[in-house]
Amino acid sequence: MAASLPVFQIPSLQGSPAPDPGTTRLRDSHGRIIHDLRVSITDRCNYKCVYCRTGELGAQYAELAIHEYLRLVRLFVNLGITKVRLTGGEPLLRRGLVDLIKELSGLRTLSGRPLDIALTTNGHLLEDLAKPLKNAGLNRVTVSMDAVDESVFERITRVPGSYTAVLAGIRAARHAGLSPVKINCVLLRGFNDDQVENFAHFARREDVIVRFIEFMPLEEGRLWTPEIVVPLREIVDRIGRVLPLRELPPNDPGETARRYTFADGIGEIGIIAPVTQAFCGACSRVRLTSDGKIRTCLFSQIDHDLYGRMRAGAADEELHDYIVRTINQKEARHHIGEPGFLKPSRSMVHIGG
């Protein structure tokens, strides 16, 4: 039975006039057009994945009201954002999520098209919510899943029964039409890198796209070293020895994953390699944290307080100008592995994926 969903009265954005196509599009000082907004709606999480969270701490930052996220997202959409991805923490913990997606589905891009709305989740609560989320207007879902062996998975999440719940959520998402369902696996050498070949079989068996992600220095415990990273070339070679691969072209120039299919064309693997094959030159993303701060890069040392200005009474025009100025300062690239590299001021769970 589907979960009981609370109904919230929030200011509707549906039916609002389409923005003027001549409105300034977001572009940074390096010439990159920014069209992808990642919005964290909570930094709470119901998992305690050992590579992400070393302690028992819960939320560390405030959450905005749903209508406040809506106002901020609308500002970005009026500047050319075409894709919004809701993240966390774990976004399925957030009351009002279905209402938020329903309202976002009423927004239109500068070209008059509906927003592309996606969500990243650990999948634990997805079985009951997949259908309501789809009905509200969600287009796609990505599930974080770091092992296909049940015992390894539960050792990572430190939550009994988590593998069964996530697998049920993945299947429910696929059946609800939240396709293509993507699975994100963060690989750490000596920890879960023995799962690579099994994930290739899982992609074909479950009809999902599995994406391996090189481990980045974003964890709370500050355990990252270059030796822990499992690089793209090794992943491709290992899968190719079991199931031969051929590379696919990118879906768009700013895509983060290198794409591969199997020799028979059934199934897809993606590899996101920010450490060994950085893709910063084509970056089209900006992030909004759960407490309303703009982060221009995962590895930013500075948060830009958009919500603080809104709460102080700034009009939309002032907020619009602040966003444009902030994006203009977007970093050219990250500096992982270089002398003097500093880890970001927040860990991944407190930034949003």
Side-chain angles (χ1 to χ4, degrees), residues 10-41 64 66-88 91 97 100-120 136-142 251-256 279-280 282-298 300 303-307 309-310 314-331 351-353:
I10 55 181
S12 177
L13 299 180
Q14 299 195 40
S16 57
D20 179 356
T23 301
T24 303
R25 291 180 182 271
L26 282 177
R27 186 188 298 267
D28 67 19
S29 63
H30 310 286
R32 297 172 296 194
I33 294 175
I34 308 303
H35 57 76
D36 183 340
L37 175 66
R38 311 290 174 96
V39 183
S40 175
I41 56 175
L64 308 190
I66 293 296
H67 73 271
E68 292 173 324
Y69 288 121
L70 285 167
R71 182 181 173 192
L72 295 180
V73 170
R74 185 177 185 180
L75 290 167
F76 280 95
V77 172
N78 286 346
L79 286 165
I81 290 294
T82 60
K83 175 181 176 181
V84 172
R85 176 173 293 276
L86 301 176
T87 71
L97 172 62
L100 173 60
I101 290 172
K102 183 177 180 180
E103 293 295 330
L104 290 175
S105 70
L107 294 179
R108 294 295 178 265
T109 68
L110 293 180
S111 64
R113 296 177 179 273
L115 273 181
D116 181 4
I117 308 171
L119 180 141
T120 298
L138 185 67
N139 300 119
R140 293 182 317 286
V141 68
T142 297
N251 289 312
D252 64 72
E255 186 169 35
T256 58
F279 39 77
C280 303
C283 184
S284 60
R285 290 164 297 284
V286 64
R287 289 171 170 79
L288 190 66
T289 64
S290 62
D291 55 339
K293 308 293 198 305
I294 299 173
R295 291 185 69 90
T296 50
C297 175
L298 270 176
S300 293
D303 293 331
H304 304 272
D305 192 5
L306 180 62
Y307 174 66
R309 284 162 174 76
M310 184 178 83
D316 282 1
E317 184 176 356
E318 296 173 71
L319 299 175
H320 168 289
D321 292 344
Y322 181 73
I323 293 171
V324 171
R325 292 197 307 272
T326 299
I327 297 303
N328 189 59
Q329 302 171 41
K330 182 173 168 64
E331 299 86 340
I351 296 172

Closest non-hydrogen atom pair between Ala136 and Ser105, with its separation: O-OG, 3.4 Å

CA sep, side-chain torsions, deciding dist, call: Arg74, Leu107, side-chain contact (heavy atoms from CB on, under 4.5 Å): CA-CA 7 Å; Arg74 185 177 185 180; Leu107 294 179; 4.3 Å; yes

Given Leu288, Ile323, Ile294, the one that forms side chain to side chain contact (heavy atoms under 4.5 Å, CB included) with Leu72: Leu288

Arg85-Thr120 side chain donor-acceptor pair, cut-off 3.5 Å: yes

Arg71 side chain to His67 backbone, donor-acceptor under 3.5 Å: no

Tyr69 versus Val39, closest heavy-atom pair with distance: CD2-CG1, 4.1 Å

Pair Tyr307-Asp291, side-chain contact (heavy atoms from CB on, under 4.5 Å): steps then yes or no: CA-CA 7 Å; Tyr307 174 66; Asp291 55 339; over 6 Å; no

Result of checking Val84, Ile117, Leu86, Val73 against Leu100 for side chain to side chain contact (heavy atoms under 4.5 Å, CB included): Leu86

Separation between CG of Leu306 and CD of Glu68, rounded to the nearest 0.5 Å: 11.0 Å

Shortest non-hydrogen contact from Met310 toward Leu319: N-CD2, 3.8 Å

Pairwise side-chain contact, Asp36 with Thr82, heavy-atom cut-off 4.5 Å (strictly under): no

Reported CD1-to-CD1 distance for the pair Ile33 and Ile327, which is rounded to 0.5 angstrom: 13.0 Å

Worked check of side-chain contact (heavy atoms from CB on, under 4.5 Å) between Leu37 and Val77: CA-CA 9 Å; Leu37 175 66; Val77 172; over 6 Å; no

Closest heavy-atom pair and its distance - Ile41, Ser290: C-CB, 4.1 Å

Beyond-backbone contact of His320 with Asp316, side-chain heavy atoms, under 4.5 angstrom: no

Distance-minimising heavy-atom pair for Glu103 and Leu70: CB-CD2, 3.6 Å

Gap separating the CD1 atom of Ile101 from the CG atom of Leu119, nearest 0.5 angstrom: 5.5 Å

Partner set under side chain to side chain donor-acceptor pair (under 3.5 Å) for Asp28, not counting sequence neighbours: Arg32

Nearest heavy atoms of Gly80 and His35, plus distance in Å: O-CB, 3.9 Å

Heavy-atom side-chain proximity of Cys283 to Lys330 below 4.5 angstrom: yes

Gln329 side chain reached by Ser29 side chain, heavy atoms, under 4.5 Å: no

side-chain contact (heavy atoms from CB on, under 4.5 Å) assessment of Arg295 paired with Val286: CA-CA 6 Å; Arg295 291 185 69 90; Val286 64; over 6 Å; no

Close side-chain approach of Arg285 and Arg38, heavy atoms under 4.5 Å: yes

Side-chain heavy atoms of Arg287 within contact of Thr87, under 4.5 Å: no

With Arg25, the side chain to side chain contact (heavy atoms under 4.5 Å, CB included) member among Leu79, Leu110, Ile34: Leu110

